[in-house]
Amino acid sequence: MAQHLLADLIRRTGSVVIDGAMSTALEKAGCDLNDKLWSARVLIEDPDKIRQVHLDYFEAGANVAITASYQATEAGFSERGINPEAAYDLIAQSVTLAKQARADFLARHPEKDPKSLLIAGAIGPYGAYLANGAEYTGDYHLTDSQYRAFHQLRMKALVEAGADFLGVETQARLDEVKVILDMMKEFDAAGWVTFTLKDSGHIADGTPIEEAAKVCGNHPLVDAIGINCVKREMVADAL
């Protein structure tokens with residue numbers, strides 16, 4: 001049975017503090033992210049910097065660390081000559097780094113409740129892999145089987161590495177989200193889903209927000225729904 005650790009934490013505390021941007025923090029640490037792999041490049045080149053970013057966010061009061069796997073995909077790594085087995089290991093490492101940061105934080109702060117510190121395994125959309133801004137426009141389309149093949153290895157790696165839940169992030173297309181939701185059932189993994197917006201009434205692909213919210217809200221493994229990476233005025237109008 002899937003654990004609903006995020007929902008449980010929200011029920012216990014009433015709110016949850018999520019970490020900040022991974023990419024901005026890595027750039028401040030001297031990493032060059034001018035790359036199609038974005039922050040996933042650091043998984044290859046300097047993974048301890050990712051662990052330090054997670055630790056810094058825990059120290060700043062975050063309850064949730066989002067893994068550096070938003071842009072980490074089998075397809076993206078394949079373009080660098082990295083085979084599926086090595087890609088799996090890199091994606092799993094993104095969970096391990098967050099776990100190490102959590103353990104380091106708890107060692108420094110033994111008074112903290114371990115159940116209040118969670119790891120979200122980040123799952124970006126296919127549009128993020130394209131690295132052309134398509135996750136903000138929804139300007140792409142795959143078949144269900146193609147979406148499934150794209151997400152399979154990452155979801156498997158995140159779940160098997162022990163992410164507490166899945167962070168389905170910055171989604172532009174409801175058809176893609178529906179495939180991911182089916183896969184969450186297969187992996188028996190709970191999580192949140194966040195969308196990008198076209199305007200205050202529609203997600204990026206033009207689907208009404210109410211429809212997207214209904215699809216996710218009726219899913220037994222979705223613990224939270226949100227929007228991100230949109231203009232502030234859109235958020236105010238959408239809410």
Side-chain angles (χ1 to χ4, degrees), residues 2-33 35 37-73 77 82 85-124 153-170 187 189-192 194 223-224 226 228:
Q3 298 187 73
H4 292 267
L5 299 178
L6 175 64
D8 292 343
L9 180 58
I10 294 172
R11 277 193 292 268
R12 290 199 314 273
T13 64
S15 62
V16 171
V17 178
I18 301 169
D19 64 5
M22 173 62 67
S23 58
T24 302
L26 288 174
E27 286 176 330
K28 288 182 178 179
C31 299
D32 179 6
L33 302 187
D35 190 285
L37 285 176
W38 202 31
S39 57
R41 172 179 178 174
V42 187
L43 284 170
I44 303 169
E45 297 179 350
D46 199 350
D48 194 61
K49 280 196 168 73
I50 293 172
R51 181 200 60 80
Q52 185 62 51
V53 169
H54 288 312
L55 179 56
D56 290 344
Y57 279 129
F58 281 134
E59 291 284 2
N63 299 112
V64 178
I66 304 173
T67 61
S69 55
Y70 176 84
Q71 204 91 348
T73 64
F77 285 134
I82 297 172
E85 293 78 13
Y88 175 98
D89 290 342
L90 286 166
I91 295 166
Q93 180 182 224
S94 73
V95 178
T96 300
L97 292 167
K99 285 183 170 182
Q100 288 173 344
R102 178 171 60 185
D104 291 346
F105 176 78
L106 289 170
R108 297 184 187 185
H109 303 278
E111 76 282 3
K112 296 292 185 179
D113 178 6
K115 292 182 180 179
S116 70
L117 305 174
L118 301 179
I119 309 301
I123 297 173
L153 183 140
R154 176 170 50 189
M155 292 184 71
K156 178 179 174 64
L158 292 172
V159 170
E160 292 182 351
D164 293 315
F165 64 93
L166 298 176
V168 184
E169 297 270 274
T170 323
F187 283 108
W192 70 41
T194 67
D223 288 343
N228 69 325

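Start at 1 with the first residue, then count along the sequence.
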Subject >> Heavy-atom closest contact (Ala68 atom, His54 atom, distance) >> reply: N-NE2, 4.5 Å

Original post:
So do Val64 and Phe165 actually touch side chain to side chain, heavy atoms under 4.5 Å?
Top reply: yes

**OP:** Taking Lys99 for its side chain and Ala161 for its backbone only, find out whether a donor-acceptor pair lies under 3.5 Å.
**Re:** yes

**OP:** May I ask you to test the Leu158-Phe187 pair for a side-chain heavy-atom distance under 4.5 Å?
**Re:** no

Original post:
Side chains of Tyr70 and Ser39: does their closest heavy-atom pair fall under 4.5 Å?
Top reply: no

Subject >> Under 3.5 Å: donor-acceptor pair, side chain of Tyr57, backbone of Ala21 >> reply: yes

Subject >> Electrostatic pair Asp56:Lys28 at N-O distance under 4.0 angstrom >> reply: no

Original post:
Are Glu59 and His109 side-chain neighbours, meaning at least one heavy-atom pair lies under 4.5 Å?
Top reply: yes

Subject >> Shortest non-hydrogen contact between Leu97 and Arg51, atoms and distance >> reply: O-CG, 3.7 Å

Original post:
Without hydrogens or angle criteria, can the side chains of Asn63 and Ser116 be said to hold a donor-acceptor pair below 3.5 Å?
Top reply: no

**OP:** Could you tell me which non-hydrogen atom of Thr67 sits nearest to which non-hydrogen atom of Gly121, and how far apart they are?
**Re:** OG1-CA, 3.4 Å

Subject >> With Leu37, the side chain to side chain contact (heavy atoms under 4.5 Å, CB included) member among Ile44, Val42, Leu90, Leu43 >> reply: Ile44

Original post:
Backbone N or O of Ser69 within a donor-acceptor pair of the Arg154 side chain at under 3.5 Å?
Top reply: yes

Subject >> With Asp164, the side chain to side chain donor-acceptor pair (under 3.5 Å) member among Gln3, Arg102, His4 >> reply: Arg102

